[in-house]
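Take a look at the structure set out below.
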Amino acid sequence: MAYLDDLAFFQHLARAGSLTGTARELGLSLSAVSKRLKLLEARLGVELAARTTRRLTLTAEGERYAARGALILDELSELENSLGEKANQALSGRLRVNATFGFGRRHIAPLLSRFCTEHPEVEGWLELTNFPLNLSDHGFDIGIRVGEPPESRLVARRILANRRVLCASPAYIAKAPTLQVPADLLQHDCLVIRENDSDFPLWRFEQVDQPAKVQTVKVSGRLASNDGEVITRLALDSHGVMLRSWWDVNEHLASGALVELLPGWQGVRADFYAVYELRRHVPARQRAFVEFVQREMAGRVSLLPES
């Protein structure tokens with residue numbers, strides 16, 4: 001029981017951001033809060049926070065203790081609530097989601113907005129990052145990722161079928177060299193996403209009638225960006241060929257603004273999954289949000305054509 005009390009105490013401390021704020025929030029003296037933190041650190045054998053009376057900064061160990069502690073306390077609360085759970089019980093509590101910038105902005109943000117409107121007692125938090133974050137280390141309930149996770153401790157639910165699509169504008173195609181096989185891309189202006197100057201973009205393709213046959217081409221071009229939306233804009237402006245996800249370009253393909261290339265080859269699959277930690281009691285709000293995203297995504301992105 002003392003362990004749970006310590007977890008709850010540290011949640012107050014992390015949220016308040018100072019010893020003074022924690023003392024005020026808990027109705028304790030400043031010295032009592034300081035002493036309890038020292039006892040907690042002594043028991044764990046690590047420093048959890050660097051502090052003054054006005055400010056408190058969590059160490060790496062403190063960040064982990066706060067994040068994992070929040071999950072444990074949430075799971076306990078969910079377990080106790082589920083003992084008398086009714087079918088029409090309102091969803092409540094914190095829902096923390098991690099997603100990448102492009103897909104997160106376009107789809108996850110509006111879906112989270114709608115979900116929280118329908119369930120006003122849910123506290124939503126969406127953090128967008130360039131790369132997926134470790135759920136447990138950063139205190140996230142759900143991660144939106146490309147591809148099934150290799151970790152056996154994570155549950156993955158597919159929310160969108162997706163693959164990379166090679167495409168360009170009709171104006172670029174009209175003036176560009178013939179493109180019949182992936183190797184012909186060496187003669188083209190390719191629009192590439194670069195994270196740093198040392199990247200060498202490698203585009204992979206699977207033959208439609210022989211999926212096991214894969215070709216990889218090291219492409220280049222005079223225009224590049226670290227942002228996918230910029231690359232799409234450059235392709236629409238007829239600057240070259242790009243390899244982008246179906247979810248990002250399907251509307252442009254349907255309108256004719258972009259045309260899919262290399263019909264005998266296709267970019268590799270890149271399905272989106274909602275992932276969460278495997279545990280005995282998954283909060284109802286977490287299960288409900290994953291089901292909501294699975295259901296609603298079908299109306300946001302047109303169905304991926306099957307080869």
Side-chain angles (χ1 to χ4, degrees), residues 99-111 113 128-131 144-147 159-197 199-206 208 215-272 296-307:
T100 53
F101 279 103
F103 193 78
R105 283 197 193 102
R106 183 87 64 86
H107 296 296
I108 302 304
L111 289 178
S113 172
L128 302 181
T129 54
N130 284 321
F131 301 100
I144 307 299
R145 299 182 176 180
V146 175
I159 60 173
L160 180 68
N162 181 61
R163 67 175 172 87
R164 312 293 186 195
V165 179
L166 186 73
C167 53
S169 70
Y172 174 82
I173 296 170
K175 66 181 181 181
T178 302
L179 184 58
Q180 296 180 322
V181 294
D184 291 337
L185 286 167
L186 298 175
Q187 310 303 319
H188 282 257
D189 290 323
C190 295
L191 303 169
V192 298
I193 296 180
R194 293 182 183 272
E195 295 298 333
N196 55 63
D197 290 339
D199 284 343
F200 294 96
L202 298 174
W203 289 0
R204 296 177 61 237
F205 300 91
E206 299 173 348
V208 172
Q215 286 194 13
T216 302
V217 182
K218 184 185 293 186
V219 300
S220 62
R222 66 188 185 88
L223 291 177
S225 176
N226 68 335
D227 183 81
E229 292 186 17
V230 172
I231 292 297
T232 300
R233 182 69 263 165
L234 293 173
L236 290 169
D237 290 342
S238 304
H239 285 290
V241 180
M242 70 172 179
L243 187 66
R244 293 289 292 153
S245 283
W246 170 257
W247 73 264
D248 194 37
V249 299
N250 67 97
E251 294 179 350
H252 297 307
L253 294 171
S255 70
L258 294 174
V259 177
E260 186 170 359
L261 305 172
L262 287 182
W265 297 81
Q266 62 183 21
V268 297
R269 287 295 290 253
D271 296 345
F272 280 86
E296 297 299 319
M297 192 60 69
R300 300 185 63 86
V301 180
S302 59
L303 190 65
L304 177 68
E306 294 295 337
S307 302

Checklist entry - Does Leu185 reach the side chain of Phe205, with side-chain heavy atoms less than 4.5 Å apart? => result yes

Checklist entry - Which heavy atom in Pro110 sits nearest to a heavy atom in Gly104, and how many Å separate them? => result CD-O, 4.5 Å

Checklist entry - Taking C-beta and beyond as the side chain, do Leu160 and His107 meet within less than 4.5 Å on heavy atoms? => result no

Next on the checklist: Return the CH2 to CD distance between Trp265 and Glu206, rounded to the nearest 0.5 Å.
Outcome noted: 9.5 Å

Item to check | side-chain contact (heavy atoms from CB on, under 4.5 Å) partner of Leu253, chosen from Pro305, Cys167, Ser302 | outcome: Cys167

Checklist entry - Taking all non-hydrogen atoms of both residues, which atom of Val259 and which atom of Pro170 are closest, and how far apart? => result CG2-CG, 3.9 Å

Checklist outcome for this item: NE2 of His252 to CG of Leu236, rounded to nearest 0.5 Å, is 4.5 Å

Checklist entry - Quick one: does His239's side chain get under 4.5 Å of Asp189's, heavy atoms only? => result no

Item to check | Interatomic spacing from CD in Glu229 to CZ in Phe101 - rounded to 0.5 Å | outcome: 11.5 Å

Checklist entry - Are any side-chain N or O atoms of Ser225 and backbone N or O atoms of Asp227, one a donor and one an acceptor, separated by less than 3.5 Å? => result yes

Checklist entry - Is there a side-chain contact between Leu223 and Met242, using heavy atoms and a 4.5 Å cut-off? => result no

Next on the checklist: Contact between Phe103 and Val146 at the side-chain level, heavy atoms closer than 4.5 Å - yes or no?
Outcome noted: no

Item to check | Residue pair Val301 / Asn250: nearest heavy atoms and the distance that separates them | outcome: CG1-ND2, 3.7 Å

Next on the checklist: Using only atom types and a distance under 3.5 Å, with no angle test, would you say the side chain of Arg300 pairs donor to acceptor with the backbone of Arg106?
Outcome noted: yes

Checklist entry - Can you check whether Tyr172's main-chain N or O pairs, donor with acceptor, with Ser169's side chain at less than 3.5 Å? => result yes

Checklist outcome for this item: Rounded to the nearest 0.5 Å, the CE atom of Met297 sits from the CD1 atom of Ile108 at a distance of 4.5 Å

Checklist outcome for this item: Output for pair (Asn130 CG, Thr100 OG1), nearest 0.5 Å, gives 9.0 Å

Checklist entry - Of the options Thr216, Leu166, Val268, which is the one that meets Trp203 in a side-chain contact (heavy atoms from CB on, under 4.5 Å)? => result Leu166

Item to check | CD/Gln215: more than 12 non-hydrogen atoms of other groups inside 6.0 Å | outcome: yes

Next on the checklist: Tell me if a side-chain donor or acceptor on His188 pairs with a main-chain N or O of Gly240 at a distance below 3.5 Å.
Outcome noted: no

Item to check | Matching residue for Glu260 among Arg163, Arg244, Arg164 - test: salt bridge (charged side-chain N to carboxylate O under 4.0 Å, His left out) | outcome: Arg163

Next on the checklist: Do Ile173 and Leu261 make a side-chain contact, defined as non-hydrogen atoms from C-beta onward lying under 4.5 Å apart?
Outcome noted: yes

Item to check | Donor-acceptor contact present, side-chain Asn162 to main-chain Trp247, <3.5 Å | outcome: yes

Checklist entry - How many angstroms lie between OG1 in Thr232 and CD1 in Ile193, if you round to the nearest 0.5 Å? => result 7.5 Å

Next on the checklist: Please check: side-chain N/O of Asn226 versus main-chain N/O of Arg194, any donor-acceptor pairing under 3.5 Å?
Outcome noted: no

